There are 2 protein chains.
Amino acid sequence: MWTRSLVLSAPGKVILHGEHAVVHGKVALAAALNLRTFLRMTPRQDGRVSLQLPNLGSRRSWAAAELRPLLAAASAELPEAQTPSAQQLEELKELAGGKDGHEAVQSVAAATFLYLYLSVASKCGVMPTVDILVWSELPTGAGLGSSAAYSACLAGALLSGCGAISYPLQEGQEVARWTKEELDVINRLAFKGEQVIHGNPSGVDNAVSTWGGALQYVSGKISVLERVPTLRILLTNTKVPRSTKVLVAGVKAKLLKFPTIMEPMLTSIDAVSRECEGILEAMTGDPSQEHYSRLEDLVDINQHLLNGIGVGHALLDRVCQVTSSHGLHSKLTGAGGGGCAITLLRPGTTPSAVEDAVRDLTCCGFECWETVIGAPGISAHALPCLRAEVQKALQGS
Amino acid sequence: MWTRSLVLSAPGKVILHGEHAVVHGKVALAAALNLRTFLRMTPRQDGRVSLQLPNLGSRRSWAAAELRPLLAAASAELPEAQTPSAQQLEELKELAGGKDGHEAVQSVAAATFLYLYLSVASKCGVMPTVDILVWSELPTGAGLGSSAAYSACLAGALLSGCGAISYPLQEGQEVARWTKEELDVINRLAFKGEQVIHGNPSGVDNAVSTWGGALQYVSGKISVLERVPTLRILLTNTKVPRSTKVLVAGVKAKLLKFPTIMEPMLTSIDAVSRECEGILEAMTGDPSQEHYSRLEDLVDINQHLLNGIGVGHALLDRVCQVTSSHGLHSKLTGAGGGGCAITLLRPGTTPSAVEDAVRDLTCCGFECWETVIGAPGISAHALPCLRAEVQKALQGS
């Protein structure tokens, strides 16, 4: 073990429907976003463990001997271990270095790595000396599950590297995936990473990063959708900063203020999610224009409902207007109040039509990505088969 | 009788909340719009009956003797008479003249007058020779109840003139209103006029023109709200033409397509109307900023719901955006898909703030009126006490 290089990737996530309503017991649909986080793990011969995060401009390394005393603290009962303790996290953050505000993100990322590293090392009884480089196409802090993709990649690499699960890529294969049982192990460890980062995550993001496709989330229960088509989308970041906490509190206040008005709106959003789920399942076999038309209707309706419950923003409306002028349908995704919007693209939407829309959105100061949702979950890759840009990023410095 | 001049006016109407939802058994609130239709009736000595409609550029007159043969056909049982018969309407339209498209509106207006004139003449047994001039501040065909205001004015003038009801204005009074019982008689005759014009009217528009204030309409039942405050509004006409019939059919189709999504949205709109009714009643005694704030919330929420059920329009969104940039809250009123929007103004909104909003709306090509809703219903006026513009319009040519 730890003798070969591993390359793997995990997708981000978008909320397709049900954001905010899910807080009030309604159904949400989350889908894997094919903006991916890539990880390359290579053996080191110098007794050190290192972590490179080029997106954050961060590079850290630790002597394996320096980490050994922390092993005892790491739970030996992976992956059913308890929630990371506050004391454990404090120690890890100290070890991860950089306690000032500027380095907060880097520090949390390093602490997450150390927590997962020590958990796996403890389980397998070895302190592997490796270099891990993680590079992502996902913007951070945009509600696109970048932390879960990071956790899933770390979990997959460390578990595969130590032999707790297989590394599925065979000679000559471009890409491979793990078995359901192995994915379950990865998912549970990725959730631990999410706990280090977020404290009390829902588990949706790491499940999407692990399983891919789409999943239903309701009242704390996550169900992976069996068959999900891949849908082309345009993802637009308005770059308007917002606080999920404030937005969630705003909806709650409105629900208390106007219960008879707001409750049916949440019921309607719930029905949008369920209807969408039905359409996605129906279209897997034989997608028709009618399916896409209905998906577009749902996007439009839910965008209005989300505005109605008070989580819209003028610049999200702008995204909808601009894309509507190109015959495309958009809605906010995630917390709203700014952040990102998704725009459905039909299979037949021409590249020039997409370019025109992107040009107009870019003129508004927005950032756009053309990608797909319903993407595969965590995957093992042959490095030479990845896009040149990704290969280059994974070379490190 | 028929010896003195009468001057009276009746208001238009706006739907405050519940448009479209009312078609599906939900509550709608209609309010009297203080853009008014004025009527002046003066005796003639030449044996003729004349109708001047300066807004339509129309002036017609008939010899009373020429109308006498039609008296028999007019029902003698006012106001419980049957619906005007198709044959009767054909004869009246022929007498009203102008059967080509260009004069269609004038022809219907004249036929309505003749129908009401003959009904009252038949009831009272005289063929009064009068000149009637009707001038309106209301745009026609904008869903603002201009035909009902016209019918109510004609009904009030003819019934008062022939002595079927009193003419309430006393010497020295500026303005006066009829008793409840008399208003009921006026309303029923005005409804006949609406039947001539629209075929199968709901009765809401003539009730608002007659009673003023605001009323609740649900499942065909009209209830006048007891106490309603007068609210300042800005009325904006986007001038986008639309078909109420097509819009109503669109909502119905969407309800059939997505029943579980659409039905709760209609329920939510119903709750908006009921909540608004409660606020209006609560604020009559002592209106507070909190009342206005809640009314604004309802306007915003319903505008999003109306967009959600598919009766919005990009230029109605524009009205909302422009007024929102001035801190004001707007929604479409009536059929949607274009047409008019209402913007709430608080008592403290300064004239310059309103002027700024009007300037920006006018720049978009819209037409604006600053007025009030919850206005008085049909009223008798002393001509010299009316605004100079109205006095001038009522002088005729």
Side-chain angles (χ1 to χ4, degrees), chain A residues 17-18 21 26-27 250-251 253-279 290 293-318 320-325 331-332 336, chain B residues 17-18 21 26-27 250-251 253-279 290 293-318 320-325 331-332 336:
Chain A
H17 289 295
K26 310 300 182 188
V27 168
V251 173
K254 218 164 177 177
L255 192 55
L256 287 171
K257 192 172 184 181
F258 299 119
T260 58
I261 297 165
M262 289 284 287
E263 188 50 56
M265 291 173 78
L266 297 177
T267 302
S268 185
I269 292 176
D270 186 74
V272 166
S273 296
R274 293 177 193 273
E275 176 75 22
C276 181
E277 190 177 331
I279 296 169
E290 172 63 14
S293 165
R294 291 176 83 94
L295 287 179
E296 289 168 352
D297 286 343
L298 297 182
V299 161
D300 291 341
I301 291 171
N302 200 3
Q303 173 63 18
H304 295 305
L305 286 165
L306 287 161
N307 268 322
I309 66 171
V311 298
H313 187 279
L315 290 185
L316 289 165
D317 290 340
R318 178 74 71 84
C320 294
Q321 282 163 6
V322 169
T323 56
S324 172
S325 73
K331 71 177 275 288
L332 69 85
Chain B
H17 289 295
K26 310 300 182 189
V27 168
V251 173
K254 219 165 176 178
L255 192 55
L256 288 170
K257 193 173 185 181
F258 300 118
T260 59
I261 297 165
M262 288 283 287
E263 187 51 57
M265 292 173 77
L266 297 178
T267 301
S268 185
I269 292 175
D270 186 72
V272 167
S273 297
R274 293 177 193 273
E275 177 75 22
C276 181
E277 191 177 329
I279 296 169
E290 172 63 14
S293 166
R294 291 177 82 95
L295 287 179
E296 288 168 352
D297 286 343
L298 297 182
V299 161
D300 290 342
I301 291 171
N302 201 3
Q303 173 62 16
H304 294 307
L305 286 165
L306 287 162
N307 267 322
I309 66 172
V311 298
H313 188 278
L315 291 184
L316 289 166
D317 290 340
R318 178 74 70 85
C320 295
Q321 282 162 8
V322 169
T323 55
S324 172
S325 74
K331 69 176 277 287
L332 69 84

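The basis for the numbers below is simple: all heavy atoms, side chains too, and nothing from hydrogens, waters or symmetry mates. Everything numeric here is computed off the predicted structure, so don't read it as measured data. So you know, we letter chains A, B, ... as the sequences are listed, proteins then strands, and number each from 1.
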Most contact-rich option vs chain B, by heavy-atom pairs under 4.5 angstrom, among A:Asp297, A:Ile309, A:Asn307, A:Leu306, is A:Asn307

CD (B:Glu275) and CD1 (A:Ile261) are apart, to the nearest 0.5 Å, by 5.0 Å

If one checks every heavy atom of A:Asp300 against chain B at 4.5 Å, the contacting part turns out to be neither

Whatever's closer than 4.5 Å to a heavy atom in chain B on A:Gln303 counts as neither

Under 4.5 Å to a heavy atom of chain B? For A:Lys257 that would be both

Applying a strict 4.5 Å limit to non-hydrogen atoms, the region of A:Arg294 in contact with chain B is both

Rounded to the nearest 0.5 Å, the CZ atom of B:Phe258 sits from the CD1 atom of A:Ile301 at a distance of 5.5 Å

Are any non-hydrogen side-chain atoms of B:Leu305 and A:Met265 less than 4.5 angstrom apart?
-> yes

Counting heavy-atom pairs under 4.5 angstrom with chain A, the leader among B:His304, B:Met262, B:Glu263 is B:His304

Closest heavy-atom pair, A:Thr260 versus B:Ala271, reported as atoms and distance to 0.1 Å, is O-CB, 3.3 Å

